[in-house]
Amino acid sequence: MESGLSASMWSDLLAQIRLTHPQVVRAWFTQLAPTALRGGVLAIRAANGAQARYLENHCRNAFSEAAMAATGRLVSVEFAAEQDDPADAAIAEESAHLRPRLMPELTFDNFVTGPCNRLAHASSLAVARDPGRTYNPLFLYGSVGLGKTHLLQAICHQVTAAAPERRCFYLSCETFANDYMEAFEQGAMHRFRQRYREADLLVIDDIQFLSARERSQEEFFHTFNTLVQAGKQIVLSADCSPGDIPRLEQRLISRFHSGLVSVLDRPCLETRIAIVRRKAAMRCIEVADDVVQLIASRIDGNVRELEGALTRLDAMSQAEEKPITFELARRAIGEGSLRTPPIAAIMEVVAGRMEVSVADLQSKKRAKSVTLPRHVCMYVTREVTQRSFEEIGGFFGGRDHTTVLHAHRTIAERLDTDHQLRSIVHEIVEDVRRTAH
Ligand code: ADP
Ligand code: MG
């Protein structure tokens, strides 16, 4: 198994592609060879440059999906030709760093939407469907780890999938600035301009790095105008709005505002839950609902941190050869370092939202108007503080742990069907978490 992929896995992989993407399959696929599987990258060798290019342009997703299915791991693919045509190689080298090296999983399908990113997602989708004709430029901004790069790459994936002949350049702002400096120093500005102005879609990530780079700003301004006037699409991202990028020329700020500026906010609890579920499913990690809930409620910074928690959890479960349990998840997210809101604070929030008194929550009253808020309060306490059922029972007028367990289960079940209750509980959890900060 020199390549790290067994012969049977490779034939499963090809069979899967025939099944799921029959339209891209070619007879010569039988001559392809997997050469290495290292660091999550499966290298595949084609007989010549034309085949490698075909694979690159049309089959990236098909192969990486099938590779993930065959290996059960997150895998991206790389295609190489056995013997490259020298003329092809020269052209390819010229703009190699501009061609998108996209992460196969950063697609629209894998992007979870919620109130925090709905507009950014919808505008990205609109641009990807009809580049150059809707919002130009599209400018996405938001703080780190909220999905800017994901949406930018999703646009590239979709545009190249729909029309492989379209020239789609995806690059970081630093690449642009360095490229410019290099061309400038070598007196090769003509070639630089020609190269960039060939783009049908120019996507530049983290444009805030143009800050204080005067000459790059000047050059970018001209590139921008030329492309937009020619009806080519520009998509940009930054960690703040155009006006907040320090030392950015006014004329660029106003150009950036001439299309659509969309913000990505921090995801709410419901969106975080959906994201954890999606990421777990993508990596074939089985996580029970209480674990998903725990991760999503404890980690509310950004999506990258959510993914990090899931990765840690998966790694711990593999290293310790244990299934993923609630306890393991608590350790994976470093329970000790997190602030837990006091139960009294939770009672206050529930009492306020559900119109009962704190005294009633702790009383033995059995009227329905009191038992539902009490059950909600027990449920939220368990979810947010992870205290034991016994401990929680103690706070609610010395109740037995089975009472708390029962209350928790009743609410958890009702949340599946009762939308109104679900939104009340979500709001309570959000409020409680806010008071804990
Ligand atoms: P940014 O560029 O804004 O710093 P990224 O796009 O790199 O953030 O996102 C960080 C990680 O979080 C990526 O792995 C990305 O797939 C994931 N991510 C962010 N937002 C979402 C979302 N709404 N749905 C699914 N994954 C997301
Ligand atoms: Mg990014």
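Counting convention: from 1, in listed order, for ligands and their atoms alike. Computed from a predicted model, the values in this text were never measured in an experiment. Side-chain atoms are counted along with the backbone in the values below, which use heavy atoms only and exclude waters and symmetry mates.
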If we set the cut-off at 4.0 Å for heavy atoms, which region of [X] has an atom near ligand 1: side chain, backbone, both, or neither?
X    : value
L106 : side chain
E105 : neither
N110 : backbone

Does a salt bridge link [X] with [Y], judged by any charged N lying under 4.0 Å from a carboxylate O?
X    : Y    : answer
E218 : R251 : yes
E198 : R193 : no
E219 : R197 : yes

Matching residue for H408 among H375, E413, E383 - test: side chain to side chain donor-acceptor pair (under 3.5 Å)
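It is E383, the one option of H375, E413, E383 that forms the side chain to side chain donor-acceptor pair (under 3.5 Å) with H408.
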Out of D416, D418, T417, T410, which one pairs with R414 under the side chain to side chain donor-acceptor pair (under 3.5 Å) rule?
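Single side chain to side chain donor-acceptor pair (under 3.5 Å) partner of R414 among D416, D418, T417, T410: D418.
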Taking distance alone, with N or O pairs closer than 3.5 Å, would you say I275 contacts ligand 1?
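No, since none of the N or O atoms of I275 sits under 3.5 Å from an N or O of ligand 1.
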Could you check whether F63 and F79 have their ring centres less than 6.0 Å apart?
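Centroid distance F79-F63: below 6.0 Å, so yes.
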Face-on cation placement of R382 at F326 ring, 6.0 Å and 45° thresholds:
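So R382 does make the cation-pi contact.
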Can you confirm if the NZ or CZ of R215 lies within 45° of the ring axis of F184 and under 6.0 Å from the centre of its six-membered ring?
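Geometry flag: set, cation within 6.0 Å and 45°.
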Identity and separation of the nearest protein heavy atom to [atom]:
atom                    : answer
atom 6 (O) of ligand 1  : H150 N, 2.8 Å
atom 7 (O) of ligand 1  : R304 NH2, 2.8 Å
atom 21 (C) of ligand 1 : F111 CE1, 3.7 Å
atom 4 (O) of ligand 1  : G145 N, 2.7 Å
atom 24 (N) of ligand 1 : V112 N, 2.8 Å
atom 18 (N) of ligand 1 : V303 CG1, 3.2 Å

Check ligand 1 against [X] and write out every atom of the ligand that is under 4.0 Å from a heavy-atom position of the residue.
X    : answer
K148 : 1 (P), 2 (O), 3 (O), 4 (O), 6 (O), 8 (O)
G147 : 1 (P), 3 (O), 5 (P), 6 (O), 8 (O), 9 (O), 19 (C), 20 (N)
N117 : 23 (N)

From the candidates M282, E307, E305, R272, the one that places a heavy atom nearest atom 14 (O) of ligand 1
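Among M282, E307, E305, R272, the closest heavy atom to atom 14 (O) of ligand 1 comes from E307.
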Proximity winner for atom 2 (O) of ligand 1, if only heavy atoms of T107, T149, L152 are counted:
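Result: the heavy atom closest to atom 2 (O) of ligand 1 is in T149.
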A81 backbone acceptor or donor facing R45 side chain under 3.5 Å
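Not a single qualifying donor-acceptor pair exists.
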Any N/O/S atom of S237 sitting less than 2.8 Å from the Mg ion (ligand 2), backbone or side chain?
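Checking the Mg ion (ligand 2) against S237, no N, O or S atom falls under 2.8 Å.
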Walk me through it: do K148 and D205 pass the test salt bridge (Lys or Arg N to Asp or Glu O under 4.0 Å)?
CA-CA 8 Å; K148 303 181 294 294; D205 210 350; over 6 Å; no
Yes or no on salt bridge (Lys or Arg N to Asp or Glu O under 4.0 Å) for R278 and E307, after CA distance, side-chain angles and deciding distance?
CA-CA 10 Å; R278 178 74 61 89; E307 282 193 300; over 6 Å; no
With the threshold set at under 4.0 angstrom, would you say G142 reaches ligand 1 through any of its heavy atoms?
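In this structure, G142 fails to qualify as a contact of ligand 1 - no heavy atom is under 4.0 Å.
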For K279 and ligand 1, answer yes if some heavy atom of the residue is under 4.0 Å from a ligand atom, otherwise no.
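Per 4.0 Å heavy-atom rule, K279 contacts ligand 1.
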